[in-house]
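A short worksheet on the structure shown next.
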Amino acid sequence: MINRRRLFTTTAAGAAGVGALATAGQPARPAAARERLTAEPFTLGVASGDATPTAVVLWTRLAPLPLQPEADFGMAGFGAVDVEYRVAESEAALADPASCLRVGTTPAKRNTGFSVHLDVTELAPDSEYWYQFGVDGFRSRVGRTRTAPAPGTRRDFTFALVNCQSLAGGNLSGGRPNPMYFNGYGHLARRDDIDFVVHLGDYIYEFGRAAHVPPRPVQTLDEYRTRYAQYKLRSSLADVHARFGWYAIPDDHEFWNDFRGGALPQRNVERFNHAAEAYWEHMPFRNPRPGDLEATTPNQIDLHRTIRWGSLLDLFLGDTRQYRSATTMLGTAQQAQLIDWIGDSDATWTAIGVGQPVTGFGGASGWVAADHAELTAALAARKQRAPEAFNPVILSGDAHCGIVTHTRLHGDKQSPFVATEFVNAPMSSGGRGQWRPAMDPRALRKAYNKGAAGGWQNYNGYTSHSLSADGWLTDYVLGDQVSRPDGTVTSAGRWLLPAGHPVGSVQARG
């Protein structure tokens, strides 16, 4: 028998086998006769993501003029362009097609913004690969990626968690530009111990501010494409994409503030479809593109999925926005998959990654009550059934404050803990000083924020999570200099969660 969770993960893994790939040393297929590109097309860099033990998705987008939609981003007159790709087992091998593992071409088409999503299959588990794209004599920067370990493999590893990366602070559409800087990405790009990156949403901010391009809220597909291009032009973000594979889910600002796709008014369907298309075009997703831009119904992308990293981690990435309404946070199907998955997960660490914290601040959770109750009951029941084998962790963002805390069974201040929650600090977005006084002191362990003043001078950065069979170690890597391009971050607090212990056993490690 295959239950809902097993069907869900098996179907996702099966998608990795559909990529059409060239064999090693095969020459690139010549492009159809067309005008040649005369300016650098790989301005937005390269990326990889959605790794399985045998496959990974490679991404780029052709945009010689990435901030000029009026010039078709430099692709005016082109309908489709064949992009060469090379995949090799070392960076040096990319120079010679005969030394590469894969060589071939893949089309970049106008209707998908000349983006490339190449699913490279039949790779070896837990292995590093290097890749590069080329077109008309131009070559992209080199990217590095890694496949996941085979099922059952026990290997210690570290991943990074990021979210909430506004590059425009201060004034709204008018006034003096006030750019924010991704100090955390600069630090992360220099690390050699990271296996992959998880992004929990707010990759862009759609609102209008003086430092944004355009400086008004984005509405159309070309405006969303321009906004993504502005963010991807940040060198530190491009460096992290090129060095590590990503898994990503959206929060609200990929669409618009407080977006709730399960209760979408008809007047907003067109804008949503443009936002969903642009998000898909700019991320290394395996999922099919949303669909017809002219549709009168929402083109939702099924982005909730599980990540299995050997025997140590089973991670459910939940989408708390596209199906959200007044009566559900995740939608019926996704909620059922999550509950089934909690009952089945047999990894050392069972983690849930979502955009919005599950823990209640000030006595109430931002989650819809019914979904919260079912989720916490499932966590409590599984921990009671397997107290030493089941180690639940929640990873969340959105709150614009780093918090180490615990989720309670009923969301009140008396019921038992059911999961340790690490709320991730924002990469650059503004602070929420009010979280500290609103916290339940019996659940709280630490809130990383400058205090009630909040504003832009809060703690910003990322967390890294190192997993072993014995423990989960979280490091908050933070700074308060996002208004400075040379701002720095450093370890601000490390927390150890021992395996097999009761929920609530997290320990500060300095």
Side-chain angles (χ1 to χ4, degrees), residues 163-166 199-208 217-221 223-224 227-228 248-280 282-283 285 287 289-293 295-305 316-339 352-362 364-376 394-400 407 411 423-424 426 429-430 432 435:
N163 58 267
C164 299
Q165 54 192 51
S166 176
H199 197 290
L200 293 180
D202 290 348
Y203 188 94
I204 65 163
Y205 281 73
E206 89 301 338
F207 50 58
V218 293
Q219 302 273 345
T220 69
L221 177 56
E223 288 174 342
Y224 276 103
R227 185 64 55 84
Y228 276 99
I249 53 171
D251 196 31
D252 55 340
H253 288 287
E254 286 87 351
F255 308 102
W256 57 83
N257 187 46
D258 202 28
F259 168 74
R260 299 181 179 217
L264 191 66
Q266 186 62 38
R267 67 180 182 276
N268 290 336
V269 167
E270 182 179 17
R271 185 184 184 187
F272 167 74
N273 288 345
H274 291 165
E277 171 70 20
Y279 184 52
W280 178 87
H282 289 87
M283 302 301 288
F285 288 143
N287 312 63
R289 67 182 290 249
D292 180 11
L293 285 173
T296 57
T297 55
N299 288 330
Q300 292 169 325
I301 322 171
D302 284 334
L303 293 176
H304 54 282
R305 58 207 187 276
F316 186 103
L317 284 183
D319 180 351
T320 60
R321 290 295 178 179
Q322 287 196 93
Y323 311 99
R324 185 172 177 178
S325 69
T327 58
T328 181
M329 196 78 173
L330 303 175
T332 303
Q334 184 183 184
Q335 178 79 358
Q337 290 165 356
L338 174 58
I339 300 305
I352 301 169
V354 286
Q356 186 164 350
V358 179
T359 298
F361 301 133
S365 171
W367 278 56
V368 172
D371 284 8
H372 185 276
E374 188 176 23
L375 169 59
T376 56
I394 295 173
L395 305 170
S396 61
D398 185 61
H400 292 187
T407 298
V423 183
N424 206 44
S429 301
R432 295 281 186 88
W435 288 115

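Values reported hereafter were calculated over all heavy atoms of this structure, with side chains retained and with hydrogens, waters and symmetry mates removed.
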The reported gap from CD1 in Ile204 to CZ in Arg227 (rounded to nearest 0.5 angstrom) is 6.5 Å
Interatomic distance, CH2@Trp367 vs CD@Gln356, rounded to 0.5 Å, equals 8.5 Å
(request) Check whether the side chains of His274 and Glu223 place a donor and an acceptor atom closer than 3.5 Å, and report yes or no. (result) no
Is it true that Asp319 and Gln322 share a donor-acceptor pair across their side chains at a distance under 3.5 Å?
yes
Tightest non-hydrogen contact, residues Asp202 and Asp398, listed as OD2-OD1, 4.3 Å
One should read off an interatomic distance between Asp251 CG and Cys164 SG, to the nearest 0.5 angstrom, of 6.5 Å
Checklist entry - If you measure only the distance, is there a donor-acceptor pair under 3.5 Å linking the side chains of Asn163 and Asn424? => result yes
*asked:* Using ring centroids (six-membered ring only for Trp), state whether His282 and Tyr224 fall under 6.0 Å.
replied: no
Atom CD of Glu270 with >12 non-hydrogen neighbours under 6.0 angstrom: no
Measuring only between side-chain heavy atoms, which start at C-beta, is Leu330 closer than 4.5 Å to Arg324? no
Checklist line | Sub-4.5 Å side-chain heavy-atom contact between Leu303 and Phe285 | finding: yes
**Request:** Consider only side-chain N and O atoms of Tyr205 and Ser429, and report whether a donor and an acceptor are under 3.5 Å apart.
**Result:** yes
Please set out all donor-acceptor pairs under 3.5 angstrom arising from side-chain atoms of residues 259-268, sequence neighbours excluded.
residue: Gln266; atom: NE2; partner: Thr296; partner atom: O; Å: 2.9

Worksheet item: Are Tyr203 and Tyr279 an aromatic pair by the rule of ring centers under 6.0 Å?
Response: no
### Message
What verdict does the salt bridge (Lys or Arg N to Asp or Glu O under 4.0 Å) test give for Arg289 and Glu277, after you've listed the backbone C-alpha separation in whole Å, the side-chain angles of each residue and the deciding distance to 0.1 Å?
### Response
CA-CA 7 Å; Arg289 67 182 290 249; Glu277 171 70 20; 3.0 Å; yes
